[in-house]
Number of protein chains: 2
Amino acid sequence: MPEAQSPTRKRIVDAATRLFYAEGIGRVSVDAVAEEAGLTKRTLYYHFKSKDDLIAAYLDGRDQPNLKRMAGWFEAGQGGVDKKVEAIFTDLARATRHPKWKGCGFLRTAAELASMPGHPAVKAGARHKSNFETWLGTELSGHDIEEPRALAREIVLLIDGCFSIMLIHRNPDYVEAAGRAAATLVRARMSVSQVQG
Amino acid sequence: MPEAQSPTRKRIVDAATRLFYAEGIGRVSVDAVAEEAGLTKRTLYYHFKSKDDLIAAYLDGRDQPNLKRMAGWFEAGQGGVDKKVEAIFTDLARATRHPKWKGCGFLRTAAELASMPGHPAVKAGARHKSNFETWLGTELSGHDIEEPRALAREIVLLIDGCFSIMLIHRNPDYVEAAGRAAATLVRARMSVSQVQG
DNA sequence: TTGTGTATATTCACTAGTCGGTATACTTAG
DNA sequence: CTAAGTATACCGACTAGTGAATATACACAA
């Protein structure tokens, strides 16, 4: 039985991450992942029982890095909580301009697997999105906001709207527009004194 | 040269629509589409020069039906313009409960083709999304709303957020939450007298 | 009315290559 | 000797796309 922390396994997941994110899970063969990792397909199948398994491992590995990136954007935002939320979108707009940016790996995988709702990779995506929503709700809780968890959900919807529509239009103006909408939603739930101050 | 309005061509597009929407473009072979249409693959290739061509035709054929469906939901909404917007989300939430619902075909196709931004099917999706945004902006224009086109864009972002996140969570509560957020955004741009009245 | 030419439309059989996955054997470390 | 890990070589099924033949329908001439 393979080790869960094997360096070989990590090499495989890293290679899968590069290819799956760049091309999509359906357009990348197991052979291609093995070659990118510098080993044979049989070795890959020693560490993962199936391609579906590998896809799930790819997404599980993206959970914490993605959360930390978003949290960094939020925390670096200057001003009130509405501005910190808007900062997420400003930095996301910048990220979408990178030529290697291909949207959200979790959402793209879920879209490819829409006919298999119980797929382990979809579940990994659900865990990640819930983690993010929970984290944002907690952040909003300390700022005199009504129903911070409901607000977090609304912001999550705008962020995921950006991810998907950007794959169609490739126009960062949509991300900026979403940021302004998010700030409006934040202020709608802030106390009057806070909005005016 | 094949006719653009050929009934055979329509049969092929209808078959492709059923299969591509149900399974995703990457998981459906040209052979499968031909069999669903009740003819041979060679005939299909007489009417379409490639699979990519067929995918684009599939999405072009969904533009008007999808627009009409959304417009119907909006127009049937009772109350002010904020309520009519919210009605879109209420009806969308109902639609997502149908077992055959698999998200937005335009967004799912764009997600599958994220590494090919100039693909004709992605362009077809961009046309459709722009058509919808323009239609919504026009509807909002007659209702004493500031910057109706900016508001339309914000609502589009929430709708597409619903489409994508629903593929992950399969929980219509997200669509209802998006509807409330959209109504909030509408009221933020309505004149005071209108909000109070 | 019959025969011929032509464009449209369709089929069968096939190519060359890729897919996920595996049987078997080898190497190396404990 | 044993077990973990890796390699070569292969499997049957499927992939998008094509070559060559054929069916169908209609126009027009004898």
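This is a predicted model, so every value here is computed, not measured. Note: hydrogens, waters and symmetry copies are ignored here, and every other heavy atom, side chains too, is used. Convention: sequence-line order gives letters A, B, ...; per-chain numbering from 1.
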- request: Nearest whole angstrom, please: distance from the P of dA9(C) to the CZ of F48(B).
  value: 12 Å
field: Residues which pass ring pair (Phe, Tyr, Trp, His ring centres under 6.0 Å) with F163(B), listed by chain and number, not counting sequence neighbours
entry: none
message: Rounded to whole Å, please give me the gap between CZ in R11(A) and C1' in dG5(D).
response: 12 Å
- request: Round to a whole Å and report the spacing from NE2 of H47(B) to C1' of dT18(D).
  value: 16 Å
- line: So the side-chain hydrogen bond (donor to acceptor under 3.5 Å, both in side chains) pairs with at least one residue in residues 67-90 of chain A (sequence neighbours excluded) are D82(A)-R187(A)
Just the atom pairs and distances: protein N or O near nucleotides 21-26 of chain D's N or O, under 3.5 Å.
none

field: Length of the line joining I12(A):CD1 and dG5(D):C1', which is rounded to integer Å
entry: 11 Å
statement: Separation of dT18(D) atom C1' from D53(B) atom CG, nearest Å, is 16 Å
With 3.5 Å as the limit, what N/O pairs link the protein to nucleotides 21-28 of chain C?
from	atom 1	to	atom 2	distance (Å)
dG21(C)	OP2	Y45(A)	OH	2.7
dG21(C)	OP2	K51(A)	N	2.9
dG21(C)	N7	K41(A)	NZ	2.8
dG21(C)	O6	K41(A)	NZ	2.3
dA23(C)	N6	R42(A)	NE	3.2

message: Can you measure L54(B) atom CG to dG17(D) atom C1' for me and round it to whole angstrom units?
response: 13 Å
message: I need the full list of salt bridge (Lys or Arg N to Asp or Glu O under 4.0 Å) pairs touching residues 19-31 of chain A, with sequence neighbours left out, sorted by first then second residue.
response: D31(A)-K41(A)
Those residues of residues 16-29 of chain B lying under 4.0 Å from DNA chain D by at least one heavy atom: V28(B), S29(B)
message: To the nearest 10°, give me the bend of the helix from dT1(C)-dA30(D) to dG30(C)-dC1(D), comparing the axes of its five terminal pairs at either end.
response: 10°
task: List for me each residue that meets side-chain contact (heavy atoms from CB on, under 4.5 Å) alongside R42(B), sequence neighbours excluded, and say none if there are none.
output: T40(B), Y45(B)
- prompt: Listed by chain and number, what are the side-chain contact (heavy atoms from CB on, under 4.5 Å) partners of A126(A), not counting sequence neighbours?
  reply: I168(B), H169(B)
query: For residues 105-114 of chain A, which residue pairs qualify under side-chain hydrogen bond (donor to acceptor under 3.5 Å, both in side chains), counting only residues two or more places apart or in two chains?
result: none
message: Between T43(A) and dT6(D), is there a contact of a side-chain N or O with OP1 or OP2 at under 4.0 Å?
response: no
query: Which pairs with one or both residues in residues 154-177 of chain B pass salt bridge (Lys or Arg N to Asp or Glu O under 4.0 Å), sequence neighbours excluded?
result: K129(B)-D160(B), E154(B)-R189(B)
- prompt: Separation of R9(B) atom CZ from dT10(C) atom P, in whole Å?
  reply: 13 Å
statement: Contacts of A57(B) meeting side-chain contact (heavy atoms from CB on, under 4.5 Å) (sequence neighbours excluded), chain-then-number -> R9(B), V13(B), F48(B)
